[in-house]
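Contents: one structure, followed by commentary.
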Amino acid sequence: MRLVVVGAAGRMGRMLIKAIAEAEGCRLVGAIAKKGSDALGHDAGQLAGTGLLDVKVTDDPLPVFAKADGVLDFTTPAATTAFAALAAQARIVHVIGTTGLQDQDFTKLEAAARHARIVQSGNMSLGVNLLAGLVRKVAATLSDDFDIEILEMHHRMKVDAPSGTALLLGEAAAQGRKISLKDRSVRTRDGHTGVRNPGDIGFATLRGGTVVGEHTVMFAGLGERLELSHRAEDRSIFARGAVKAALWAFDKKPGYYGMDDVLGLENL
Ligand SMILES: NC(=O)C1=CN([C@@H]2O[C@H](COP(=O)(O)OP(=O)(O)OC[C@H]3O[C@@H](n4cnc5c(N)ncnc54)[C@H](OP(=O)(O)O)[C@@H]3O)[C@@H](O)[C@H]2O)C=CC1
Ligand SMILES: O=C(O)C1=N[C@H](C(=O)O)C[C@H](O)C1
């Protein structure tokens with residue numbers, strides 16, 4: 001499978017280039033960075049530390065998408081929605097790891113998925129997607145007497161909050177409880193908040209240092225607390241998941257897919 005990495009100079013972009021170089025069944029055919037990026041003109045392998053790959057970083061996606069089967073995209077919401085339109089035109093696979101997407105972005109991605117095969121997830125790791133299934137089950141099993149709180153910590157360079165993973169885990173908890181996350185989520189608390197509403201799902205965000213990504217879902221009851229946690233130790237888990245998603249989507253019909261489809265966890 002011929003793959004392109006957009007956002008090639010980013011933390012995840014470099015990881016994705018390396019993961020493609022190390023994976024079987026795919027090869028890198030393009031690397032896209034933003035206009036004005038210092039990475040333009042360099043070999044993608046130089047960026048990723050793999051040795052030369054004979055793929056020069058460019059800021060022009062059109063000719064690159066035209067000769068590719070899929071694109072791996074961990075960039076920004078604005079860039080991702082623009083790339084989705086191009087991937088749909090080229091009828092290729094679009095794997096989206098970008099977080100911070102808003103309702104209007106999802107509307108654009110769903111429109112693009114009429115022609116492209118989109119796999120989108122706030123977290124591409126096996127562990128987090130398995131955790132989401134467990135959270136859904138525990139939330140369905142325990143009553144409102146167990147308050148659900150989601151705590152996440154990431155590195156100081158992260159720009160969105162709560163993390164895509166925290167929202168994915170919140171969605172899983174809400175599905176388990178058969179409630180709408182939008183109606184019941186509490187994203188900030190400050191000052192005289194009053195007592196906690198039963199059934200709310202709370203989020204707390206920590207930022208600092210070089211933390212790759214840590215998430216805990218707490219079920220806090222009367223006299224006992226259950227905690228389910230995931231700690232990412234290396235960004236390669238996300239990159240390997242993204243490559244797996246692209247290979248999985250290669251022979252699928254156009255549509256909007258998630259990592260639970262890729263990993264066969266839909267029924268967990
Ligand atoms: N789903 C998952 O499993 C994971 C998701 N993520 C998410 O992936 C995203 C990226 O994370 P990270 O790599 O740490 O962030 P970085 O800021 O390191 O990388 C983003 C890259 O995208 C580039 N970019 C922005 N706009 C464009 C554009 N129009 N064309 C080409 N490149 C562009 C940026 O360039 P410049 O710096 O020049 O602006 C930057 O190099 C975030 O949303 C993060 O939350 C991260 C890890 C795992
Ligand atoms: O920005 C990051 O770094 C990460 N972002 C994703 C998120 O928002 O959950 C996934 C991972 O935790 C790392």
Side-chain angles (χ1 to χ4, degrees), residues 4-19 30-40 42 44 47-48 57-62 64-65 71-87 94-102 105 118-129 131-132 150-172 203 205-217 229-246 258-260 262-263:
V4 177
V5 172
V6 293
R11 279 176 290 277
M12 279 305 300
R14 292 163 199 253
M15 281 285 164
L16 291 162
I17 293 167
K18 190 159 183 280
I32 309 291
K34 220 163 77 174
K35 282 196 194 322
S37 166
D38 290 344
L40 294 174
H42 287 269
L47 285 184
V57 180
T58 162
D59 60 6
D60 185 3
L62 271 181
V64 178
F65 281 25
V71 52
L72 307 185
D73 177 352
F74 288 59
T75 56
T76 63
T80 291
T81 48
F83 287 131
L86 298 181
H94 189 186
V95 176
I96 301 174
T98 307
T99 58
L101 296 162
Q102 304 299 314
D105 302 318
I118 290 186
V119 184
Q120 182 267 322
S121 176
N123 196 302
M124 297 276 171
S125 75
L126 171 62
V128 158
N129 285 283
L131 176 64
I150 301 174
L151 175 65
E152 56 112 334
M153 180 159 189
H154 282 87
H155 53 95
R156 63 170 68 132
M157 302 306 288
K158 184 158 179 64
V159 295
D160 56 308
S163 69
T165 309
L167 293 170
L168 177 162
L169 294 170
E171 197 55 61
F203 290 86
T205 298
L206 305 178
R207 293 284 176 267
T210 54
V211 176
V212 174
E214 301 192 355
H215 296 85
T216 297
V217 181
S229 292
H230 180 266
R231 285 192 179 81
E233 294 171 354
D234 191 304
R235 286 187 178 84
S236 62
I237 59 171
F238 312 126
R240 286 200 304 269
V243 171
K244 190 174 192 148
M259 276 310 275
D260 47 354
V262 175
L263 298 169

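Throughout, residue positions are numbered sequentially from 1 according to the sequence presented. Order of listing sets the numbers, starting from 1, for every ligand and every atom in it. Just so it is clear, the structure is predicted and the values come from calculations on it, not from any experiment.
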Atom 9 (O) of ligand 2: which protein heavy atom is closest, and how many Å away? Thr165 OG1, 2.5 Å
Among all the protein's non-hydrogen atoms, which is closest to atom 19 (O) of ligand 1, and how far away is it? Gly10 CA, 3.4 Å
Does at least one non-hydrogen atom of Thr98 fall below 4.0 angstrom from an atom of ligand 1? yes
Measure the shortest side-chain to side-chain distance between Ile32 and Thr58 over non-hydrogen atoms and say whether it is less than 4.5 angstrom. yes
Which of the atoms in ligand 1, numbered in the order shown and given with their element, are less than 4.0 Å from a heavy-atom of Gly97? 1 (N), 2 (C), 4 (C), 5 (C), 6 (N), 7 (C), 8 (O)
Check whether any heavy atom of Gly122 sits under 4.0 Å from an atom of ligand 1. yes
Please determine whether side-chain contact (heavy atoms from CB on, under 4.5 Å) holds for the pair Lys158 and Thr99, giving the CA-CA distance in whole Å, both sets of side-chain angles, and the decisive distance to 0.1 Å. CA-CA 10 Å; Lys158 184 158 179 64; Thr99 58; 3.4 Å; yes
Enumerate the atoms of ligand 1 whose separation from the nearest heavy atom of Ala79 is less than 4.0 angstrom. 26 (N), 27 (C), 28 (C), 29 (N)
Pairs of nitrogen or oxygen atoms closer than 3.5 Å, one from His215 and one from ligand 2: do any exist? no
Answer with side chain, backbone, both or neither: which part of Val212 has a heavy atom less than 4.0 angstrom from an atom of ligand 2? backbone
Between the side chain of Asn129 and the main-chain N/O of Asn123, is any donor-acceptor distance below 3.5 Å? yes
Distance from atom 23 (C) of ligand 1 to nearest protein heavy atom, with residue and atom: Gly7 CA, 3.8 Å
Ligand 1 to Phe238, heavy atom cutoff 4.0 Å, flagged ligand atoms 3 (O), 47 (C), 48 (C)
min-distance protein heavy atom vs atom 1 (O) of ligand 2 -> Lys158 NZ, 2.9 Å
Please indicate whether any nitrogen or oxygen in Arg11 is less than 3.5 Å from any nitrogen or oxygen in ligand 1. yes
Between Leu126 and Ile237, does a side-chain contact (heavy atoms from CB on, under 4.5 Å) hold up when you go through it step by step? CA-CA 8 Å; Leu126 171 62; Ile237 59 171; over 6 Å; no
Closest approach of Ser125 to Val128 (non-hydrogen atoms, all atoms of both residues): OG-N, 3.2 Å
Can you tell me which portion of Ser163 lies within the under-4.0 Å heavy-atom range of ligand 1? Options are side chain, backbone, both, or neither. neither
Best match, Met157, Met124, His155: closest heavy atom to atom 3 (O) of ligand 1: Met124
Quick one: does Arg14's side chain have a donor or acceptor within less than 3.5 Å of a partner on Ala9's backbone? yes
Could you pull out the closest heavy-atom pair between Ala161 and Thr205, with the gap in Å? CB-CG2, 3.9 Å
Any side-chain heavy-atom pair of Leu168 and Glu171 under 4.5 Å: no
What's the shortest distance from atom 7 (C) of ligand 2 to any protein heavy atom, and which residue and atom give it? Gly164 N, 3.4 Å
Could you walk me through whether Arg156 and Arg207 pass side-chain contact (heavy atoms from CB on, under 4.5 Å), step by step? CA-CA 5 Å; Arg156 63 170 68 132; Arg207 293 284 176 267; 5.7 Å; no
All salt bridge (charged side-chain N to carboxylate O under 4.0 Å, His left out) counterparts of Arg231, not counting sequence neighbours: Glu214
Counting non-hydrogen protein atoms only, what is the nearest one to atom 9 (C) of ligand 1? Give residue, atom name and distance. Thr75 O, 3.5 Å
What atoms of ligand 1 come within less than 4.0 Å of a heavy atom belonging to Asn123? 1 (N), 2 (C), 3 (O)
Is the shortest N/O to N/O distance between Gly213 and ligand 2 below 3.5 Å? no
Which of the atoms of ligand 2 are close to Ser163, meaning less than 4.0 Å from one of its heavy atoms? 7 (C), 8 (O), 9 (O)
Report yes if some N/O of Phe83 lies less than 3.5 Å from some N/O of ligand 1; otherwise report no. no
Looking only at heavy atoms, is any part of Thr99 under 4.0 Å from ligand 2, and if so is it the side chain, the backbone, or both, or is it neither? side chain
Heavy-atom distance under 4.5 Å between the side chains of Phe65 and Val6, does that happen here? yes
Is Arg235 in polar range of ligand 2, meaning some N or O pair under 3.5 Å apart? no
With a 4.0 Å heavy-atom cut-off (strictly under), which part of Ala33 contacts ligand 1: side chain, backbone, both or neither? backbone
Within the structure, does at least one protein heavy atom fall under 4.0 Å of atom 6 (N) of ligand 1? yes
Please output the side-chain donor-acceptor pairs of residues 77-85 that fall under 3.5 Å, not counting sequence neighbours, one pair per line with the distance.
{"unit_1": "Thr80", "atom_1": "OG1", "unit_2": "Asp73", "atom_2": "OD1", "d": "3.1"}
{"unit_1": "Thr80", "atom_1": "OG1", "unit_2": "Asp73", "atom_2": "OD2", "d": "3.2"}
{"unit_1": "Thr80", "atom_1": "OG1", "unit_2": "Thr75", "atom_2": "OG1", "d": "3.1"}
{"unit_1": "Thr80", "atom_1": "OG1", "unit_2": "Thr76", "atom_2": "O", "d": "3.1"}
{"unit_1": "Thr80", "atom_1": "OG1", "unit_2": "Thr98", "atom_2": "OG1", "d": "2.7"}
{"unit_1": "Thr81", "atom_1": "OG1", "unit_2": "Pro77", "atom_2": "O", "d": "3.1"}
{"unit_1": "Thr81", "atom_1": "OG1", "unit_2": "Ala78", "atom_2": "O", "d": "3.1"}

Taking heavy atoms and a distance under 4.0 Å, where does His155 meet ligand 2: side chain, backbone, both or neither? side chain
Residue portion contacting ligand 2 (non-hydrogen atoms closer than 4.0 Å) for Met12: neither
Side chains of Leu62 and Leu86 in contact at under 4.5 Å (non-hydrogen atoms): yes
Enumerate the atoms of ligand 1 whose separation from the nearest heavy atom of Ala9 is less than 4.0 angstrom. 41 (O)
Please state which part of Lys158 comes within less than 4.0 Å of ligand 1, counting heavy atoms only: side chain, backbone, both or neither. side chain
Donor-acceptor contact below 3.5 Å, side chain Glu152 vs main chain Ser163: yes
Considering non-hydrogen atoms only, spot the tightest contact between Gly100 and Asp160 and give its length. N-OD2, 3.5 Å
Check if Ser37 has a non-hydrogen atom at a distance under 4.0 Å from any atom of ligand 1. no
Should Gly122 be listed as contacting ligand 2, given a heavy-atom distance under 4.0 Å as the test? yes
Considering only the protein, which heavy-atom contact is closest to atom 20 (C) of ligand 1, and what is its distance? Phe74 O, 3.8 Å
Can you pull out the closest protein heavy atom to atom 12 (O) of ligand 2? Residue, atom name and distance to 0.1 Å, please. His154 NE2, 2.6 Å
Hey, are the side chains of His230 and Leu169 touching, using non-hydrogen atoms and a 4.5 Å cut-off? no
among protein heavy atoms, the one nearest atom 13 (O) of ligand 1 is Met12 N, 2.8 Å
With a 4.5 Å limit on heavy-atom distance, are the side chains of Met12 and Phe238 in contact? yes
Minimum heavy-atom separation for Thr165 and Gly122, please, with both atom names. OG1-O, 3.4 Å
Is there a side-chain contact between Val212 and Asp234, using heavy atoms and a 4.5 Å cut-off? no
Contact bool for atom 44 (C) of ligand 1 (protein heavy atom, d < 4.0 Å): yes
Just need the protein heavy atom nearest to atom 34 (C) of ligand 1, so name the residue and atom and give the distance. Lys34 CD, 4.9 Å
Is there a side-chain contact between Met124 and Phe74 (heavy atoms, below 4.5 Å)? yes
